[in-house]
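Below is one structure, written out as structure tokens, with a few remarks after it.
Note that ligands are numbered from 1 as they come in the structure, with each ligand's atoms numbered from 1 the same way.
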Amino acid sequence: MAAMTSTGSSTRGATGRPLLNRRLAEFGTTIFAEMSALAVRTGAINLGQGFPDTDGPDEVREAAVRALRDGRGNQYPPGPGVPELRTAITEHQQRWYGLAADPDTEVLVTAGATEAIAAALLALVEPGDEVIALEPYYDSYAACIAMAGGTRVPVTLRPRDGGFHLDLDELRDAITDRTRLILLNTPHNPTGKVLTRGELATVAALAVERDLLVITDEVYEHLVFDGEHIPLASFPGMRERTVSISSAGKTFSFTGWKVGWLTASPALVAAVRSAKQFLTYVSAGPFQYAVAEALRLPDSFFTELRDELRAKRDILADGLTAAGFEVFRPQGTYFITTDISALGEKDGLAFCRALPGRCGVVAIPNAVFYDHRDAGRSQVRFAFCKKDDVLHEATGRLQRLAS
Ligand code: PMP
Ligand code: GLN
């Protein structure tokens, strides 16, 4: 079953043998590529793939230009990342979470969070190991677990009281003797759930009790509207077993730069670096210098970003509610998951493929982020990292659906 993607690949070589290997056979084109191409083809408003329609701060862009002009990072940067960025990452962890890290041994700069996730899984998972992930999950998780030869074990977040609920007993029951690690994402894409201190404490206690590693994907760490982001690494016993991942794409609105990073113990960083060095080796030289400056922006930059996005969340949530969708108002991220059953619709994938033709809007069907597709069949995700007038125009168009 193609759990994570919209289309499978059946291309065969001259001998009749499939070109794509068995590990990747179920993964066709990512839903983001399919839906963004649909938006381009139809001229629809793209509330599918999560990228802002406004670039990040001018001073950060200018820092990248300066680095390019000054010849900083135009040749291979050091494997772990340029020292300026590694230091800025540790300062950021200290400033926001009181977590200390050594920039030389406990930080690794990667090609976006995507490479950090891939390298961590490739480094830490043996074929046959089980990896627990919260479902619906970000699409690269399943593909990277498969590339590492691991077995994914989904624990399903279930809609309840206008949000999504993690059943901690289900998580506990999912752990077996073969479980190697838990791959956690908070704030969570696509549901917008932010794990609470209590939930994280239970995850931490389970990890310690069962001697598991945890990879935490925290790319939306600064996009929390209700509640707070608490890094799992800050819980007792977690420093030595957690790989914490983030990225400049979401926080600084430069998704195309693909500058990500991870922090972890020296032993874990060394392990993940073993895989990362053979993926890209290094990337984004001049952008690394610019992201170092971005991470040092004053607190007000981060809180203003959050407040702006909270207002956008409310515009989109209210507009979708008015259009007849059941809306799960997210506590974080820049996505809203909706249920389309209230519109008399059942199948999110068919709905999203038809939506540009029906009203000129593109969205993402959550079903592709589930192994238990039925659990997400009627869920559709909309991104709100867009200009206010774009959000108003899109929800106006969506309101025509019901009429
Ligand atoms: N994790 C999650 C949960 C995401 O939504 C995304 C998309 N930005 C990524 C990882 C990938 O981040 P990057 O673009 O930095 O590779
Ligand atoms: N993270 C983005 C999203 O969830 C997509 C990134 C990508 O296209 N791989 O929309």
Numbered atoms and elements of ligand 2 in range of Phe335, under 4.0 angstrom, heavy atoms: 3 (C), 4 (O), 10 (O)
Quick check on contacts: which atoms of ligand 2 are under 4.0 angstrom from a heavy atom of Gly50?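 Checking each atom against Gly50, I get 2 (C), 3 (C), 10 (O).
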Counting only heavy atoms, which portion of [X] has something under 4.0 Å from ligand 2: side chain, backbone, both, or neither?
| X | value |
| --- | --- |
| Ile364 | neither |
| Arg381 | side chain |
| Phe51 | neither |

Does Asn189 have a heavy atom less than 4.0 Å from any atom of ligand 2?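 Within the 4.0 Å threshold, so yes.
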For [atom], what's the nearest protein heavy atom and its distance?
| atom | value |
| --- | --- |
| atom 15 (O) of ligand 1 | Ser247 OG, 2.6 Å |
| atom 9 (N) of ligand 2 | Tyr138 OH, 3.2 Å |
| atom 8 (O) of ligand 2 | Gln49 NE2, 2.6 Å |
| atom 14 (O) of ligand 1 | Lys258 NZ, 3.3 Å |
| atom 12 (O) of ligand 1 | Ala113 CB, 3.5 Å |
| atom 6 (C) of ligand 1 | Tyr138 CZ, 3.4 Å |

Sidechain-backbone polar pair: [X] side chain, [Y] backbone, donor-acceptor under 3.5 Å:
| X | Y | result |
| --- | --- | --- |
| Thr338 | Val380 | yes |
| Glu34 | Thr29 | no |
| Lys250 | Gly50 | yes |

Find out whether the Lys NZ or Arg CZ of [X] is both under 6.0 angstrom from the six-membered ring centre of [Y] and within 45° of the ring's axis.
| X | Y | answer |
| --- | --- | --- |
| Arg313 | Phe384 | no |
| Lys386 | Phe51 | yes |
| Arg72 | Tyr289 | yes |

Does Val219 have a heavy atom less than 4.0 Å from any atom of ligand 1? yes
Would you call Arg86-Asp102 a salt bridge at under 4.0 Å N-O?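 A salt bridge is absent here (no side-chain N lies under 4.0 Å from a carboxylate O).
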With heavy atoms under 4.0 Å as the rule, classify the contact between Asn185 and ligand 1 as side chain, backbone, both or neither.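 Side chain only.
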Give yes if a backbone or side-chain nitrogen or oxygen of Asp217 is under 3.5 Å from a nitrogen or oxygen of ligand 1, and no if not. yes
Quick one: sort the His222 and His92 rings into parallel, tilted or perpendicular, breaks at 30° and 60°.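 Perpendicular.
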Side chains of Asp339 and Ser378, donor plus acceptor under 3.5 Å: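 Yes, Ser378 and Asp339 have a side-chain donor paired with an acceptor closer than 3.5 Å.
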